[in-house]
Amino acid sequence: AINTMLIPQLPLDFKDEQNISAEIYLSCAGEIPVIKIKNTDDFENLVTNLLHKGVRPQNLSATGAAFVFGKTTRFIILSAKPYSNVTAKTLGLSEEDWQIKSMTIRLEHECTHYYTKRFFGCSQNHLHDELIADFFGLYAAFGEYKAEYFEYFMGIKGKEGSRLSCYIPDCSPELFQVLKKAASSAADFFEKWSKSADFKNMKHEERIKYLCGLKLAEII
């Protein structure tokens, strides 16, 4: 059963309540309540009713996580959807393993956004922030960072992920190709850095601060 004390006014009309859990997670930015929902319908209904007053948002089927950040209430809702719509087969994983890893990626991704919002005063859905958030999500899920996986998530490789266009809308096809190469170069930089002695000697918070301090132009 869900501990409703964690999340005020949490609706309880779920199809699969046994596969819903709630916990207080010690994130890089401090404690944060987290709801994990395995059933897609339950996740989408909760997000619709809790965040959008019963009106289903258009892009909800492509959404796998939600961060509620209010004046007095803040918590994260996670689904078990394949991260960035990339299949388990693409990454050579079992469906169950990929569900678990997808949640882990989303959790650390959202916690990284939470950190930048809390300590740097901003958290935006642009390429630089997404590079950083995905880095820590991937590292937490796999114990290493693979640029190739990031490229799948963004749709740079394969045909499943399609997030890149969301962060650079209304640009010409030529500019889009340039930015794809820039994102790949940045991901390669992150992978090399993650294997360096400097990275290994840093604490988690130091790693976030280091990446936040870099400009995109410095890593491509």
Side-chain angles (χ1 to χ4, degrees), residues 28 59 61-65 67 81-93 97-117 120 122-202 204 206-220:
C28 52
N59 65 341
S61 60
T63 300
F67 199 128
K81 295 179 183 180
Y83 191 71
S84 288
N85 199 35
V86 173
T87 65
K89 184 178 180 181
T90 296
L91 303 182
L93 303 171
D97 188 25
W98 184 219
Q99 282 188 342
I100 295 171
K101 283 182 166 58
S102 290
M103 274 198 173
T104 300
I105 294 171
R106 288 191 175 100
L107 176 58
E108 292 301 330
H109 181 108
E110 296 301 326
C111 286
T112 303
H113 282 319
Y114 179 35
Y115 182 92
T116 59
K117 185 174 183 65
F120 290 91
C122 66
S123 176
Q124 302 178 27
N125 289 328
H126 56 53
L127 185 56
H128 185 246
D129 276 19
E130 292 301 305
L131 274 160
I132 295 171
D134 264 16
F135 175 86
F136 290 105
L138 275 165
Y139 193 83
F142 292 93
E144 61 179 335
Y145 177 83
K146 292 186 178 181
E148 182 181 28
Y149 286 6
F150 174 80
E151 292 173 327
Y152 279 127
F153 298 156
M154 287 294 169
I156 297 170
K157 283 191 174 183
K159 298 181 180 180
E160 297 161 317
S162 58
R163 287 165 52 205
L164 186 61
S165 59
C166 298
Y167 310 128
I168 46 176
D170 303 323
C171 70
S172 66
E174 293 78 15
L175 178 58
F176 186 75
Q177 292 302 316
V178 171
L179 292 173
K180 279 178 66 175
K181 291 181 180 179
S184 291
S185 296
D188 288 338
F189 173 90
F190 280 17
E191 182 173 331
K192 291 177 182 177
W193 174 67
S194 71
K195 297 175 182 178
S196 70
D198 286 345
F199 173 84
K200 293 176 182 177
N201 290 329
M202 288 181 180
H204 184 66
E206 293 173 330
R207 294 168 179 172
I208 297 177
K209 288 180 177 178
Y210 172 75
L211 291 185
C212 287
L214 291 176
K215 296 180 180 178
L216 189 59
E218 295 178 303
I219 57 180
I220 60 175

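What you see below is based on every heavy atom in this structure, not just the backbone, and it leaves out hydrogens, waters and symmetry mates.
Distance OG/Ser196 to CZ/Phe199: 7.5 Å, rounded to 0.5 Å. Between Leu179 atom CG and Glu174 atom CD the span is 11.5 Å, to the nearest 0.5 Å. Summarising the geometry, atom SG belonging to Cys111 is positioned 8.0 Å from atom NE2 belonging to His204; distances are rounded to the nearest 0.5 Å. Between atom CZ of residue Phe153 and atom OG1 of residue Thr90 there is a gap of 10.0 Å, rounded to the nearest 0.5 Å.
Closest of all the heavy-atom pairs between Met202 and Glu206 is CA-OE1, 3.3 Å. Taking both residues in full, the closest heavy atoms of Phe150 and Ala183 are given as CE2-O, 4.0 Å, listed atom of the first, atom of the second, then distance. Scanning all heavy atoms of the two residues, the minimum distance from Leu164 to Phe176 falls at CD2-CZ, 3.9 Å.
In this structure, Phe190 and Lys146 have side chains that are not in contact, with every pair of non-hydrogen atoms separated by 4.5 Å or more. Contact annotation: the side chain of Ser84 never approaches that of Tyr152 to less than 4.5 Å [non-hydrogen atoms, C-beta and beyond]. By the 4.5 Å heavy-atom criterion applied to side chains, Tyr210 and Asp198 are not counted as neighbours. Counting only heavy atoms from C-beta outward, the side chains of Lys209 and Tyr115 approach each other to under 4.5 Å. You'll find the side chain of Ile132 stays beyond 4.5 Å of the side chain of Thr116, heavy atoms only. Contact of the Leu211 side chain with the Ile219 side chain is not registered, since no non-hydrogen atoms from C-beta on lie closer than 4.5 Å.
For Gln99, the side chain to side chain donor-acceptor pair (under 3.5 Å) test picks out no residue, with sequence neighbours left out.
No donor-acceptor pair under 3.5 Å is formed between the side chain of Glu108 and the backbone N or O of Ile105. No donor-acceptor pair under 3.5 Å is formed between the side chain of His128 and the backbone N or O of Cys212. With hydrogens and angles disregarded, no donor-acceptor distance shorter than 3.5 Å links the side chain of Lys81 to the backbone of Ala62.
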Check residues 134-143 and write down every donor-acceptor pair under 3.5 Å in which the side-chain atom is one partner and the other belongs to a residue at least two apart or another chain.
from: Asp134; atom 1: OD1; to: Tyr83; atom 2: OH; distance (Å): 2.5
from: Asp134; atom 1: OD1; to: His109; atom 2: ND1; distance (Å): 2.8
from: Asp134; atom 1: OD1; to: Arg163; atom 2: NH2; distance (Å): 3.4
from: Asp134; atom 1: OD2; to: Arg163; atom 2: NH1; distance (Å): 2.9
from: Asp134; atom 1: OD2; to: Arg163; atom 2: NH2; distance (Å): 3.3

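Residues Glu130 and His113 have side chains that bring a donor and an acceptor to within less than 3.5 angstrom of each other. The closest side-chain donor-acceptor pair between Glu151 and Ser184 falls under 3.5 angstrom.
The pair Arg106-Glu110 does not meet the salt-bridge criterion, since no charged nitrogen lies less than 4.0 angstrom from a carboxylate oxygen. We find that Asp97 and Lys101 are joined by a salt bridge, their nearest charged nitrogen and carboxylate oxygen being less than 4.0 Å apart.
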